[in-house]
Amino acid sequence: MKPPWASAIDYNQKPIFVCWETTKSCLLSCRHCRAAAIHSRLPGEMDCSESRAFIDQLVQFDEPYPALLLTGGDPLMREDFFDLLKHAKARGVYTAVAASVTPLLTRDHLARMKDLGVDIISVSLDGATAEVHDRIREIPGTWQATLDAISTATSCGLRLQVNTTVMRSNLRQLADIFVLSRERGAVAWEVFFLIRTGRGAALENPEPAECEEVAHFLFEATRYGIPVRTSEGPHFRRVVRQRQAGGGAPQGELYERLVSRLGERAGAPQNPPGIRLNATGDGKGIIFIGYDGEVYPSGFLPISLGNVRTGNLKSIYTSHPLLVGLRNTENLKGRCGACDYRSICSGSRSRAYAEFHDPYQEDPACPYIPPTEAGLPT
């Protein structure tokens with residue numbers, strides 16, 4: 001959901017995206033939910049006045065202002081949701097909405113988002129079949145409702161991105177999910193590599209070798225005309241660089257199965273790989289604001305940096321020691337610290353923290369062994 005000016009940003013001076021957890025409240029109970037969302041709003045949630053004041057802080061950065069992603073929970077659970085959208089657009093802020101597919105996501109609400117000037121929305125599609133998707137969402141009928149929501153949103157003229165979380169339960173459906181999203185009119189596909197936080201802590205991560213094969217499959221998917229991006233999967237950028245330099249694809253069964261299925265469903269690719277790499281990461285081009293105003297490097301890295309109720313977001317982003325440290329690849333440890341691709345990748349700092357309780361440690365989802373670690377000449 002990156003805005004068009006993303007590649008021109010100095011990440012030391014401002015983020016591309018400010019992700020705002022507008023509320024913890026949501027009618028879904030998804031198995032992998034970062035927010036561990038609940039059905040009612042929590043005490044301490046920023047009220048409308050505080051939320052407007054927070055949005056006003058975005059225009060303290062130089063233009064183009066950071067984009068605002070309203071997420072949750074479910075933003076539509078807030079009765080002032082449309083007022084906040086209107087305020088953000090009046091301030092000239094690029095605005096994205098991560099919508100939950102519930103009875104609140106009506107045609108009227110989608111049309112109103114379009115009328116207010118929402119730049120893009122996203123919905124999550126985590127299975128190519130109702131059996132897989134609904135088991136993850138834990139509400140029967142959610143898969144079909146998601147397909148209907150995609151069609152309704154695009155018919156209202158909204159640009160829509162599909163988000164998919166990579167889990168053991170849907171690994172072999174990724175090609176079908178991509179094709180389904182493309183056929184339904186999605187303008188982008190963003191693939192999230194699971195971090196074990198919130199409810200997701202109980203789920204089984206794919207193995208590093210599987211993450212590698214998925215990244216190579218995503219490279220092939222970029223040949224089909226819509227942007228493919230990753231969240232918490234920066235190793236994809238390393239794979240892209242390797243493939244662009246003439247590196248080969250893996251010989252694994254998962255990769256071969258996904259690419260074969262992609263060809264069966266979508267035909268032979270008609271385009272060269274279409275990839276725009278932005279070396280963003282947790283606290284580097286991305287910042288997260290919790291429902292209560294707490295500021296974090298990302299929604300998956302629970303180290304508080306301050307609060308927008310009492311502090312200034314621009315000051316926190318540009319000068320907090322942890323954020324300054326995370327943006328300096330010299331601070332990375334283990335294989336990430338020795339990696340010859342660290343300037344474009346840097347590994348997932350959230351996953352390092354989840355696994356080692358150290359945001360500078362190596363990313364355990366990446367199997368790459370840098371030449372210096374393998375004893376090879378650089």
Side-chain angles (χ1 to χ4, degrees), residues 1-2 30 32 96 98-99 101 120-137 142-154 158-194 205-206 209-237 239-240 243-244 249-250 252-277 365:
M1 296 173 78
K2 290 185 174 67
C30 304
H32 61 297
V101 178
I120 191 168
I121 73 166
S122 66
V123 297
S124 293
L125 183 63
D126 293 313
T129 62
E131 178 186 7
V132 171
H133 181 89
D134 290 357
R135 185 170 65 248
I136 292 168
R137 300 286 156 183
T142 305
W143 181 76
Q144 186 59 55
T146 299
L147 298 185
D148 293 343
I150 294 171
S151 298
T152 302
T154 55
L158 283 165
R159 299 175 66 248
L160 181 138
Q161 172 179 295
V162 167
N163 299 334
T164 300
T165 299
V166 178
M167 294 171 276
R168 299 304 297 275
S169 57
N170 68 1
L171 275 176
R172 283 162 174 73
Q173 291 197 345
L174 291 175
D176 291 279
I177 294 171
F178 170 70
V179 172
L180 191 57
S181 303
R182 180 172 171 262
E183 290 175 345
R184 292 278 171 154
V187 300
W189 188 40
E190 183 154 314
V191 179
F192 169 66
F193 286 79
L194 189 68
N205 278 330
E210 292 171 321
C211 291
E212 186 80 354
E213 291 185 51
V214 168
H216 280 272
F217 158 70
L218 296 180
F219 179 81
E220 304 299 341
T222 67
R223 303 176 189 268
Y224 287 84
I226 66 172
V228 177
R229 294 185 280 264
T230 61
S231 177
E232 300 300 343
H235 67 286
F236 173 59
R237 300 193 288 261
V239 165
V240 169
R243 295 291 297 273
Q244 289 175 334
E253 180 272 335
L254 176 62
Y255 168 79
E256 292 179 353
R257 175 176 179 149
L258 290 174
V259 172
S260 174
R261 183 61 175 164
L262 180 60
E264 291 173 11
R265 291 290 309 276
Q270 302 298 315
N271 306 292
I275 304 168
R276 183 174 63 186
L277 298 181

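From a predicted model like this one, the values you see are computed outputs, not experimental measurements.
- For the atom pair Asn170 CG and Thr129 OG1, the distance stands at 9.5 Å (nearest 0.5 Å).
- The shortest side-chain heavy-atom distance between Leu258 and Leu262 does not fall under the 4.5 Å cut-off.
- In terms of heavy-atom proximity, Trp189 sits nearest to Gln161 at N-CG, 4.5 Å.
- Inter-residue side-chain proximity for Val187 and Ile226 is flagged as unmet; no heavy-atom pair is nearer than 4.5 Å.
- In terms of modelled atom types and a separation under 3.5 Å, the side chain of Thr142 and the main chain of Asp134 share no donor-acceptor contact.
- Between Arg137 and Ser124, some side-chain heavy-atom pair lies under the 4.5 Å cut-off.
- Inter-residue side-chain proximity for Arg172 and Arg261 is flagged as unmet; no heavy-atom pair is nearer than 4.5 Å.
- For the residue pair Asp176 and Ala128, the shortest heavy atom distance occurs at CB-CB, 3.5 Å.
- Residues satisfying the side-chain contact (heavy atoms from CB on, under 4.5 Å) criterion with Arg168, sequence neighbours excluded, are Leu171, Glu204, Pro206, Glu207, Glu210.
- Formation of a donor-acceptor pair under 3.5 Å by the His133 side chain with backbone atoms of Thr146 is not found in this model.
- Between Asn271 and Arg223, the closest heavy-atom pair is ND2-O, 3.1 Å.
- Nearest heavy-atom pair, Thr154 versus Gly185, reported as atom, atom and distance to 0.1 Å: CG2-O, 3.9 Å.
- Looking at every heavy atom in both residues, Val228 comes nearest to Phe236 through O-CE2, 4.0 Å.
- Contact of the Phe219 side chain with the Ile275 side chain is registered, since non-hydrogen atoms from C-beta on lie closer than 4.5 Å.
- For the pair Leu147 and Arg184, the minimum side-chain heavy-atom distance is below 4.5 Å.
- In this structure Val259 satisfies the side-chain contact (heavy atoms from CB on, under 4.5 Å) test together with Phe217, Glu220, Tyr255, sequence neighbours excluded.
- No donor-acceptor pair closer than 3.5 Å links the side chain of Glu213 to the backbone N or O of Cys211.
- Closest approach of Ile136 and Ser169 over heavy atoms only: CD1-OG, 3.9 Å.
- By the side-chain contact (heavy atoms from CB on, under 4.5 Å) test, Ala149 pairs with Val101, Leu105, sequence neighbours left out.
- Note that the CZ atom of Arg243 and the CG atom of Leu218 stand 11.0 Å from one another [nearest 0.5 Å].
- Side-chain atoms of Asp126 come within 3.5 Å of backbone N or O of Thr165 as a donor-acceptor pair.
- Rounding to the nearest 0.5 Å places CD1 of Ile150 at 12.5 Å from CG of Leu158.
- Between the Arg182 side chain and the Tyr224 main chain, a donor and an acceptor come within less than 3.5 Å of each other.
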